Amino acid sequence: MDCNEIRRLLEAATDGELDVAHQLAVEEHLGRCPLCARAVEGIHARRTALQTALPRFTAPPALAEKVRSALRNEGAPVRTSASQSKRADVFPLWRVTGLAASLAMALFVGYTWGGSRVRTQALVDEAVSDHVRSLQANHLMDVASTDQHTVKPWFAGKLAFSPPVTDLAGVGFPLVGGRLERVAGQDAAALVYRRRQHAINLFIWPARREAAPPVTRERDGYNVVSWTDGSFNFLAVSEIPAVELADFAEEIRQATP
Ligand SMILES: [Zn+2]
C-alpha cells in the first residue's frame, strides 16, 4: 500500500474501525515510512499537549460573563440596534463550542488510534492461542475431510456467510478439515491445512473494508499472516517458517476469486 492509501486509513483509524489486516498494514508501513510515521506522531503529540493543557482550561470570569450575556441575548425576543451592536462585542459562543468539539475530537482520535492498536495485538494473541489450543486439546477439526466439496457445505447453516474453501494439496498444503471459531467476537470459519507434520489454521470472517495485502507477524514462535480481499478477512497461523506461510497466503489469494 502506498502513502496515499495509508493516509486514508489513518483517517479511518479515527473511527476505530480498522480490521486486523488494515491495522497491521498501517503499522507495517509506519515502520518503514518516516513521513507517515511523523503524521501519527503529530496525532500523538497533539493528544499529549491537549491532555496536559485540558485540566488548566477554565474560563476566566470575564469570558464566563460574556457567554452568559450572549445566551441572554440569544433568548431576547426584541433586539434593538443598540443591543445588536453590543452583541458584536461578546465572545462568539460558536467559538467556545467549536473549541470544545475540536478538543473532544483530538482526544477521541488519540484514544481510538491507541485502542485499535491494542485490539489488533489482542486479536493476534487470540488467533495464536486458538491455534495452540486446537493442537493441544485435540480439537483441530469438527469436520475432517480432504475434500473441499465436503468442508464447504459443512459450514452452511452454521455460519451467516459462506467461506471460500480451497484445497492446496497440489502445491503442498493439503486441506484436512475445518471447525467453527470466534475471532474478534465474530463467528469465523477455521480451515485446517497441513504442511509436513504441522497444522495451519486459516481463520476467515466477513470484511468491512476494501482489500489489504498480506502482513506477516511473529508471536511466541508462531507466524501470523493476515490480509483482506474486500469480502473476507483472512488470518493464517502456524509454526511453519514465515516464508512458507507467506507462500501459503499467496496460494490462497490466487485461488480465491
Ligand atoms: Zn508513507
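Predicted model only: the values in this text are computed from it and were never measured. Both counts, for ligands and for their atoms, begin at 1 and track the order of listing.
Residues Val171 and Phe248 fail the side-chain proximity criterion, which asks for heavy atoms closer than 4.5 Å. At least one side-chain heavy atom of Val192 sits under 4.5 Å from a side-chain heavy atom of Arg179.
Salt bridge absent: Arg209 and Asp19 never bring a charged side-chain N and a carboxylate O closer than 4.0 Å.
Taken from CG in Leu24 to OG1 in Thr216, the straight-line distance is 9.5 Å, to the nearest 0.5 Å. In this structure, Ile252 CD1 and Asp229 CG are separated by 11.0 Å, a value rounded to the nearest 0.5 Å.
Taking 2.8 Å as the limit, the number of protein N, O or S atoms around the Zn ion (ligand 1) is 4.
Within the structure, ring-ring contact (aromatic ring centres under 6.0 Å, His included) pairs that include any residue of residues 215-240 comprise His131-Tyr222, Phe161-Phe232, Trp227-Phe234 (at least two apart or interchain).
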